[in-house]
Amino acid sequence: MAGNFADRYGRKPLIVLGLSLFSLSNFSAALADDLMLLFVSRLIGGIGSAALVPSIMAYAADIATNEQRTKAMSYIGASMSSGFIIGPGVGGLLAEFGMRTPFFASACIGVLAMIGSMVFLPESLSLEHRMTRQQSRDKKPNVFLQLALSIKSRFFVLLFLVFVLTFGLTHFDAIYPLYVVQSYGFTSRDIAILFTLCSLMGTFNQIMLATRLIRRFGEKKTINYTLLLSSISFVLLLHSGNFWYVMFITMLFFTCNNILRPTINTLLSKGAGEEQGFVAGMNNAYMSLGNIFGPLLAGILFDVHIHLPYLFGALVLLTAHFVSVKWIERKETVTSIAMNE
């Protein structure tokens with residue numbers, strides 16, 4: 001829904017709204033005195049995220065040329081990854097001043113970002129384009145029907161890969177601390193070092209490698225290779241408890257994940273045409289599905305056997321690899337036939 005609104009009324013209003021709801025979510029969490037208010041806070045935050053993320057991606061697609069789009073998506077992915085790295089560390093430090101302090105700090109940062117967006121961020125869609133979309137009588141089906149119809153769309157394989165990518169990352173992260181503690185006896189300090197360094201290296205590798213790999217192999221082959229490496233890294237994590245070995249495998253997984261996300265986003269953006277907001281919204285919807293089912297299945301499988309989550313995650317990513325390979329082969333065959341005709 002946010003993607004549709006961003007196409008009709010512009011990216012800036014949705015970005016400002018998303019940041020407003022993000023701030024409200026954190027303020028309500030900071031002031032919460034019972035569990036139900038925390039749930040309400042997270043609901044508000046989820047709505048804010050749904051408005052913000054697709055609009056940011058669509059904004060980047062609006063202002064970037066086809067040649068710049070991969071770089072733009074890489075920088076967005078890198079900034080998101082950096083936030084995941086810096087946020088927990090700063091939040092942990094601020095919590096020393098009280099458990100509510102990190103929420104107040106996040107809310108204040110959100111307010112500053114909202115004001116900055118209102119004052120300094122120009123709208124990327126022309127007034128003529130917005131008026132045309134607003135006057136259009138074409139009505140899109142409701143969000144659940146859109147999800148069902150997306151299975152038949154030309155974007156489905158890429159949206160499926162977005163789901164698998166998010167599923168794999170949350171699946172990996174959800175039981176990682178439990179796994180390395182129970183299997184290898186790592187301490188919370190070891191885990192903090194692993195996550196921080198591996199995330200930093202993954203982000204650095206993404207910035208340094210993503211554009212180069214795409215120029216060398218193209219988006220589709222880059223997706224295939226990184227999906228395969230991600231699948232292998234799931235299995236390799238089970239084979240040794242050496243700290244440096246685990247760090248290397250974790251860094252490999254984060255690097256592949258960080259390269260995959262902007263590469264898939266670039267392909268979606270290039271094929272979206274004038275429906276950047278809608279496609280970005282569907283992208284976010286499939287990400288949300290991955291965020292739901294990844295941790296859920298990881299927890300269930302971990303209770304059955306400690307190795308099952310990573311073996312199942314490897315199977316899911318390997319399946320996605322084969323789906324991607326077949327999709328590329330089919331696309332190349334169709335293109336070849338069209339050229340011959």
- Task: First locate atom OG1 of T250, then atom CG of L236, and finally report the distance between them rounded to the nearest 0.5 Å.
- Result: 11.0 Å

- Test side-chain contact (heavy atoms from CB on, under 4.5 Å) applied to K220 and T263, step by step: CA-CA 8 Å; K220 294 171 184 176; T263 308; over 6 Å; no

- Message: With side-chain contact (heavy atoms from CB on, under 4.5 Å) as the criterion, how do L311 and L238 come out once you've worked through the C-alpha distance, each side chain's angles and the decisive distance to 0.1 Å?
- Response: CA-CA 9 Å; L311 292 174; L238 308 177; 3.7 Å; yes

- Message: Membership question, hydrophobic clusters at under 4.5 Å side-chain separation (ILVMFWY): are F243 and Y184 in the same one?
- Response: yes

- Message: Would you say V325 ends up clustered with I259 if hydrophobic residues are merged whenever their side chains have heavy atoms under 4.5 Å apart, either directly or through other cluster members?
- Response: no

- Item | Main-chain N/O of G45 paired with S49 side-chain donor or acceptor, under 3.5 Å | no

- Message: Determine whether a donor-acceptor pair (N or O, by modelled atom type, separation under 3.5 Å) exists between the side chain of T101 and the backbone of G98.
- Response: yes

- Note on the structure: Rounded to the nearest 0.5 angstrom, the CG-OG distance for L315 and S231 is 8.0 Å

- Task: Kindly indicate whether the side chain of L165, heavy atoms from C-beta on, has any atom under 4.5 Å from the side chain of N257.
- Result: yes

- Note on the structure: CG of L24 to CG of L17, rounded to nearest 0.5 Å, is 10.5 Å

- Message: Within the structure provided, determine whether Y59 and L121 are in side-chain contact (heavy-atom separation under 4.5 Å).
- Response: yes

- Message: Would you compute the distance between atom CG of L43 and atom CG of L37 and round it to the nearest 0.5 angstrom?
- Response: 11.5 Å

- Query: Does a side-chain heavy-atom distance below 4.5 Å link L125 with K12?
  - Reply: no

- Message: If you count every heavy atom of other residues, nucleotides or ligands that lies below 6.0 Å from F248 atom CZ, does the total exceed 12?
- Response: no

- Message: Could you go through L227 and L161, starting from their C-alpha distance and side-chain angles, then the distance that decides it, and tell me whether this counts as side-chain contact (heavy atoms from CB on, under 4.5 Å)?
- Response: CA-CA 9 Å; L227 275 171; L161 294 180; 3.9 Å; yes

- Item | Residue pair F103, F27: steps toward the ring-ring contact (aromatic ring centres under 6.0 Å, His included) verdict | CA-CA 6 Å; F103 293 107; F27 272 126; over 10 Å; no

- Message: Quick one, F322 with K326, criterion side-chain contact (heavy atoms from CB on, under 4.5 Å). Give me CA distance, side-chain angles, the key distance, then yes/no.
- Response: CA-CA 6 Å; F322 287 120; K326 289 295 182 184; 5.6 Å; no

- Message: Is the ring pair F172/F254 parallel, tilted or perpendicular, if the boundaries are 30 and 60 degrees?
- Response: perpendicular

- Message: I'd like to know if the side chain of H171 reaches the main chain of L297, judged simply by a donor and an acceptor atom lying under 3.5 Å from each other, with no hydrogens or angles considered.
- Response: no

- Query: Between the side chains of T187 and D190, is a donor N or O closer than 3.5 angstrom to an acceptor N or O?
  - Reply: yes

- Item | Straight-line distance of L252 CG to T255 OG1, nearest 0.5 Å | 6.5 Å

- Message: Tell me if a side-chain donor or acceptor on S25 pairs with a main-chain N or O of L21 at a distance below 3.5 Å.
- Response: no

- Aromatic rings Y179 and Y310: how do their planes relate, parallel, tilted or perpendicular, breaks at 30° and 60°? perpendicular

- Query: What are the two closest heavy atoms between S55 and A6, and how far apart are they?
  - Reply: OG-CB, 3.9 Å

- M282 side chain near M287 side chain, heavy-atom distance below 4.5 Å: no

- Query: So, the side chain of S23 versus the backbone of V111: is there a donor-acceptor pair under 3.5 Å, distance only?
  - Reply: yes

- Message: Tell me whether the rings of F293 and F163 are parallel (<30°), tilted (30 to 60°) or perpendicular (>60°).
- Response: perpendicular

- Message: Can you give me the closest heavy-atom contact between S41 and S28, atom names plus distance?
- Response: CB-OG, 3.3 Å

- Item | Minimum heavy-atom distance between M247 and L197, given as atom pair plus value | CE-CD1, 3.7 Å

- CZ/R42 to CG/N26 distance, rounded to the nearest 0.5 angstrom? 7.5 Å

- Would you indicate whether the side-chain heavy atoms of L228 and L317 approach each other to under 4.5 Å? no

- Task: Can you establish whether the number of heavy atoms outside F217 located under 6.0 Å from its atom CZ is more than 12?
- Result: yes

- Message: Test of understanding: clusters of I, L, V, M, F, W, Y form through side-chain heavy atoms closer than 4.5 Å, transitively. Do F22 and L94 belong to the same one?
- Response: no

- Measure across A314 and V235 and return the closest heavy-atom pair with its distance rounded to 0.1 Å. CB-CG2, 3.6 Å

- Query: When hydrophobic residues are tied together by side-chain contacts of less than 4.5 Å, even through go-betweens, does V162 share a cluster with W327?
  - Reply: yes

- Item | Minimum-distance pair of heavy atoms, taken over all atoms of S233 and F253 | OG-CD1, 3.4 Å

- Query: Is there side-chain contact between L194 and M251, with at least one heavy-atom pair below 4.5 Å?
  - Reply: no

- Less than 4.5 Å apart, any side-chain heavy atom of P54 and any of N283? no

- If you take all heavy atoms of Y176 and V246, which pair is closest and at what distance? OH-CG1, 3.4 Å

- Task: Answer yes or no: does atom CZ of F302 have more than 12 heavy-atom neighbours from other residues, nucleotides or ligands under 6.0 Å?
- Result: yes

- Query: Taking atom types as modelled and ignoring hydrogens, do the side chains of N224 and S324 form a donor-acceptor contact shorter than 3.5 angstrom?
  - Reply: yes

- Query: Do side-chain atoms of E123 reach the backbone of R11 as a donor and acceptor pair under 3.5 angstrom?
  - Reply: yes

- Message: Do I47 and F39 land in one hydrophobic cluster if side-chain heavy atoms of ILVMFWY residues count as linked below 4.5 Å?
- Response: no

- Message: A side-chain contact here means heavy atoms from C-beta on lying under 4.5 Å apart; do V316 and F167 qualify?
- Response: yes

